[in-house]
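Letters A, B, ... mirror the listed sequences (proteins, then strands); counts begin at 1. Worth knowing before you read on, the calculation uses all heavy atoms, side chains too, and leaves out hydrogens, waters and symmetry mates.
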There are 2 protein chains.
Amino acid sequence: MKKKRPTLQDIADQVGATKMTVSRCLRAPETVSQGLRERIFSAAEKVGYIPNRAPDLLSRATSHSIGVLVPSLTNQVFADVIVGIEAYAEPAGYHLMLSHYGYSPELEERSLASLLSYNVDGIILSDRNHTQRSLRMLETAGIPVVEIMDTHRPPLQQAVGYDNVNAAFDMVSEMIRRGRRRVIYLGVRLDERTRQREQGYHQAMQAHALTPVALHSSQRSSYSVGSALLKQILSDYPEADGIFCTNDDVAVGAYFECQRQGIDVPGEMAIAGFHGHDVGQAMTPRLASVITPRQAIGEAAAKALLASIQGEAPAGNVIDLGYRIESGGTL
Amino acid sequence: MKKKRPTLQDIADQVGATKMTVSRCLRAPETVSQGLRERIFSAAEKVGYIPNRAPDLLSRATSHSIGVLVPSLTNQVFADVIVGIEAYAEPAGYHLMLSHYGYSPELEERSLASLLSYNVDGIILSDRNHTQRSLRMLETAGIPVVEIMDTHRPPLQQAVGYDNVNAAFDMVSEMIRRGRRRVIYLGVRLDERTRQREQGYHQAMQAHALTPVALHSSQRSSYSVGSALLKQILSDYPEADGIFCTNDDVAVGAYFECQRQGIDVPGEMAIAGFHGHDVGQAMTPRLASVITPRQAIGEAAAKALLASIQGEAPAGNVIDLGYRIESGGTL
DNA sequence: ACCGACCTTGTTACCGGTAACATAATAGTG
DNA sequence: CACTATTATGTTACCGGTAACAAGGTCGGT
């Protein structure tokens, strides 16, 4: 019942040639005589030929696709990064194979195995924590790897991103410079980046002889978690005069809660977020945030990866695209 | 230099068997004698064998992957849908191949060709407008197709979603029921769904003998577009007493602008959005919105697609998962 | 001791492109 | 016109799994 999809042979049969000639005609038309060429093209059109990457994938072990592993697709940060990756990779003829692993190294390992089984030509990873088996697989696969979002630690091969520790340090320092003394850190999830931001927060507080206080939620980041954490601060740390949030979702959620509670921002409470997402930048007052170059990171990562795939392998390369402190109207 | 990745033959060489035996051992261990089995497993571990889907893909033309085409990855709506798809497909052993096409049917066509060249076993499409060539390719590929997000028109094969026209009609009717008379429609982009919502808006206004007015922006949806459109309303249609926005981004942006301009919501201006995203549901007042079951749509689409792939083909099937009108605090 | 059932392993061929090489047809040159 | 250069097409083999079939080995029953 199910009709097989047309192959080169089907076209060849129609025009009385071999599939080799058809193959040549489709990839280098000028090497085939004009009459035959025209008949081949019209036959291809007629049977509805669709190229098939499977043989290439098998015989040359190359897929013209790159694997991208992100912890979450609903996290706007990674959506932006992916857009950047594709902006560079797609025009270069590379297809993206996306997987997400919900911040779990074990799931990352499984997703990685799956991607490798499709013979991806390169991999972009969004984390720096990998299982032993993951590292092993990457090694035996022998393909280029680029890690993104974190330039703080030495990379497997190459890394593109910014320094989370320094970014957090700078933002918190700015809050302190503006007179805040009891700034509290709000974290969600326990991924590497959240920890690094907390570390930068710690360093900044201690550099000014202030006492760091961190509040965490194990839930995934959301506005409502921000609201909940702010309520907790009001009851447990009423003396707080500022919060530094691990991302904008939490910060905006906390701001909404301040509105509800009638707390003046920034008068009574300073609020800073991370990443500079649209909501925070569109609302009034504008949310103070660390603006990260997410799309640029995606593009640079794709560029570095394709360069490696095409031969040049600048291993140990770290591209730091920096960040910008936006003080907005909430400091 | 670049070492090839290990194959079954490499394992076979180590243990003095043929690759056929190794193949059997990995997929049905009990059919191989115990001693050999143990040696094969340890050899596989030693060389770091990673399964290879390429041969399967070639000889059985099946990839155990499904192609997913969405107009945009940064649009939260589709991020949610994708999460739903993967929640069902991943445990079933299917990998997702994602592509986005920026709302352009021509790009959709290219992405589709690319997906088909990887021999995906099925396709999930997010639009109902396809080029002739796209339709042709889908037909010759002979694989199951599920269209999502719109149950208003008859599907290619199967569709999963909700009815945009009815949803818009219901929301606008509710606004009118609450006393609004000069409701304006705010649209962005010109994709099918936006047009359908406008259609529902028209029907509701005309059913109450009210004059429909629609404002459009050609930019992609964002908070700032919502703000800009609200400003335009204030200058061009000062008599407006409500806006129905094609999505929550626009609605929230418009709300922010009302705040800045000191316009009372809902007192002077009612605001309704579409989709029920987190921001709108977390802010105060809660944004009125049409809550759509995005993740459930993804799951149902994946389920329907895999059912078709596995043989049962309930063609012409339309699964309507409905929607819910949340009147929030902005009506 | 012999036959067949079964258990284990091996052999062959195939999937669909294309690189590499071979060959046929045509054109060009002294 | 013989001979080489050039162009146009065909042939073969390969990539890495596995289905289908073949074959050698073991064991139990009579």
**Asked** Looking at CD1 of Ile85(A) and CG of Leu98(A), how far apart are the two atoms once the value is rounded to the nearest 0.5 Å?
**Response** 7.5 Å
**Asked** Reading nucleotides 7-20 of chain D from the 5' end, what letters show protein touch, with B for base, S for backbone sugar-phosphate only, - for no heavy atom under 4.0 Å?
**Response** -SBBB---BBBBBB
**Prompt:** Are Arg5(A) and Asn119(B) linked by a side-chain donor-acceptor pair shorter than 3.5 Å?
**Reply:** yes
**Request:** Indicate whether the side chain of Gln157(A) and that of Ser308(A) have a donor and an acceptor atom separated by less than 3.5 Å.
**Result:** no
**Message:** Tell me if a side-chain donor or acceptor on Tyr118(B) pairs with a main-chain N or O of Ser63(A) at a distance below 3.5 Å.
**Reply:** yes
**Message:** Name the residue from Leu306(A), Leu115(A), Ile123(A) that meets the side-chain contact (heavy atoms from CB on, under 4.5 Å) definition with Ile66(A).
**Reply:** Leu306(A)
